[in-house]
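Just so it is clear: chains get the letters A, B, ... in the order the sequence lines come, proteins before strands, and each one is counted from 1. Small disclaimer: the values here were computed from a predicted structure and weren't measured. We use all heavy atoms of the structure for the numbers below, so side chains are in, but hydrogens, waters and symmetry mates are not.
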Amino acid sequence: MKLTYEKLKNEKDTLARYGIIHTDYGDYETPMFMPVGTKATVKMLDPKELYDVHAGIILANTYHLWLRPGEDLVKKAGGLHQFMNYDGPILTDSGGFQVFSLAKNKEKDITEDGVHFKSHIDGAKLFLTPEKSIEIQNKLDSDIAMSFDECPPYPVSYDYMKKSVERTLRWAKRGKEVHQNDHQCLFGIVQGGEFEDLRKWSAIETVKLNFDGYSIGGTSVGEDKITMYKMIDYSVKYLPDDKLRYLMGVGDPLDLLEGVIRGIDIFDCVLPTRIARHGQAFTRHGKINLHNLKFKEDFTPLDDHCDCDTCKNYTKAYIRHLITSDEGLGGRLLSIHNIRFLIQMMEEIRQAIKEDRLLSYKDEFIKNYEQKNK
RNA sequence: GCGAAUAUGGUGAAGUGGUUAACACACCAGUUUGUGGCACUGGCAUGCGUGGGUUCGAUCCCCACUAUUCGCC
């Protein structure tokens, strides 16, 4: 069956919504944070640890799996779930973001037909099209496939953005036409940068194509936070109430709050796992860097209120030792904590929505989170 | 006891008679938002073993001392 979304409640004072996603793997509440597992693994964690942190949907990446090990091999393995042994829903990104990060010369490399890039592994010339992206995602057998889009950098001229949005729309249509999969959803992506009329137009036209859900792309590409929040505002109001709304690539705790308040249901981000590998942790009192000397003899957990295995069993002093000694376990313990931190935060956000007190939750959260800067 | 060589930051080390003593590692701090898996950006010797001398000026030249290493007795 296809994954479906059921909205259960709108918060009184904001656009925030509480809902449930029904899937073959069970029901999951929204708003939710989705950990990123680009190459069919959330870096450093195994599926058991993902269940432990109460992960729901996780992400995998079409581009990376296309290159290695190849979609045919994954299909032979029985699909992504079986291949990586994850018994939960999986969303595949389309490879569109690699247009942003790998296509060097936008004018030349991005054509109507598709995008030319160079493999980040061996430099081989590659060509990805909307049809090919959908075909790969079909074979990977994820639960949610994403349309192949262009994610332009920030800033970009109005004219460029307009052309890009039009092309992304044509790509969305082409992808939809070749997508034939009874148990895989397909999401459309709203682009348009910071331009209000382009966001509106992109949203309205994308919705006309009738996707199973909609995401807001083109954020967190270098713009400031105020601009990012505007991009969300300009897009969300044209999206249907009964479909899932996904803000791509956003995972800073404060941005999650602002996103939810603006009507976003799901988020994904590499931040928790990437900063973990670089020795940093989210805490209720802001982000901390375990490299810092001040933690050398700190025998308390990362966060007093966290219920993750890392916080239940290890001290900052030990984790700092692992990080400074370049021991892999350090990154793993931090990854577990950081993912759990965001998921836990979403649990609290859902509770706040149910009780119509999201704004006061936000004020309280920010008060604590920014405390360390005083 | 005699002879020789060397003495530069936490470490390994470049270097020059004259503005800010190279580089690397370590260390310290910051960054990271649809992941190019250990990254990126900064900071870090008011000082060149100690004391004296030569010189307008010495980390660089000279002398003594001290330490280390090697060789000889």
**Protein-to-nucleotide contact annotation, 5' to 3' order, nucleotides 34-39 of chain B [B base; S sugar-phosphate only; - none; under 4.0 Å, heavy atom]** = BBBBBB

**Asked** Do the side-chain N or O atoms of N289(A) get closer than 4.0 angstrom to the phosphate oxygens (OP1, OP2) of C28(B)?
**Response**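 Negative; the distance criterion is not met.
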
What distance, rounded to whole Å, do you find between the two [atom1] atoms, one in [N] and one in [M]?
{"N": "U55(B)", "M": "C60(B)", "atom1": "P", "result": "16 Å"}
{"N": "G30(B)", "M": "A22(B)", "atom1": "P", "result": "25 Å"}
{"N": "G43(B)", "M": "U50(B)", "atom1": "C1'", "result": "31 Å"}
{"N": "U8(B)", "M": "C23(B)", "atom1": "C1'", "result": "14 Å"}
{"N": "U59(B)", "M": "G49(B)", "atom1": "P", "result": "10 Å"}
{"N": "A7(B)", "M": "A13(B)", "atom1": "P", "result": "11 Å"}
{"N": "A4(B)", "M": "G10(B)", "atom1": "C1'", "result": "31 Å"}
{"N": "G9(B)", "M": "C72(B)", "atom1": "C1'", "result": "37 Å"}

**Prompt:** Should G47(B) be called syn or anti, with syn set as within 90° of 0?
**Reply:**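 What G47(B) shows is a syn base, its glycosidic angle lying within 90° of 0.
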
**Asked** Thinking salt bridges, do E258(A) and K362(A) make one under a 4.0 Å N-O criterion?
**Response**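 Salt bridge: yes.
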
**Request:** Could you tell me whether the side chains of Q137(A) and S94(A) share a donor-acceptor contact shorter than 3.5 Å?
**Result:**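 Distance-only check fails for Q137(A) and S94(A).
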
For residues 301-309 of chain A, which side-chain N or O atoms pair as donor and acceptor with protein atoms under 3.5 Å away, sequence neighbours left out?
residue	atom	partner	partner atom	Å
D303(A)	OD1	H305(A)	N	2.9
D303(A)	OD2	R284(A)	N	2.8
D307(A)	OD1	R340(A)	NE	2.8
D307(A)	OD2	R340(A)	NH2	3.1

Partner residues of [X] under the ring-ring contact (aromatic ring centres under 6.0 Å, His included) criterion, sequence neighbours left out:
{"X": "Y28(A)", "value": "none"}
{"X": "Y160(A)", "value": "none"}
{"X": "F195(A)", "value": "Y158(A)"}

**Request:** Would you mind listing every ring pair (Phe, Tyr, Trp, His ring centres under 6.0 Å) that reaches into residues 119-149 of chain A, with sequence neighbours excluded?
**Result:**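 Applying ring pair (Phe, Tyr, Trp, His ring centres under 6.0 Å) to every pair that reaches into residues 119-149 of chain A, excluding sequence neighbours, yields Y63(A)-H120(A), H64(A)-H120(A), H116(A)-F127(A), F148(A)-W171(A).
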
**Prompt:** Do any pairs count as a ring pair (Phe, Tyr, Trp, His ring centres under 6.0 Å) and have a residue in residues 34-56 of chain A, sequence neighbours left out, and if so which ones?
**Reply:**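 Listed once each, the pairs are Y51(A)-Y86(A).
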
Residues in salt bridge (Lys or Arg N to Asp or Glu O under 4.0 Å) contact with [X], at least two apart in sequence or another chain:
{"X": "E355(A)", "answer": "R357(A)"}
{"X": "D24(A)", "answer": "none"}
{"X": "D72(A)", "answer": "K139(A)"}

Rounded to whole angstroms, how far apart are [atom1] on [X] and [atom2] on [N]?
{"X": "I323(A)", "N": "G30(B)", "atom1": "CD1", "atom2": "C1'", "value": "16 Å"}
{"X": "K296(A)", "N": "A29(B)", "atom1": "NZ", "atom2": "C1'", "value": "16 Å"}
{"X": "I275(A)", "N": "C40(B)", "atom1": "CD1", "atom2": "C1'", "value": "15 Å"}

**Request:** Under 4.0 Å between any heavy atoms, over every strand shown, what does R320(A) touch: base, sugar-phosphate, or nothing? Just pick one.
**Result:**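 Sugar-phosphate only.
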
**Dot-bracket notation for RNA chain B, counting Watson-Crick and G-U pairs under 3.5 Å, with | for partners on another strand** = (((((((..(((.....[....))).(((((.......))))).....(((((..]....)))))))))))).

**Asked** Below 4.5 Å, heavy atoms only, C-beta onward: do M84(A) and I90(A) meet side chain to side chain?
**Response**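 In short, these two side chains touch, coming nearer than 4.5 Å.
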
**RNA chain B-proximal residues of residues 331-353 of chain A, any heavy atom under 4.0 Å** =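 Residues of residues 331-353 of chain A that come under 4.0 Å of RNA chain B do not exist, since none gets that close.
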
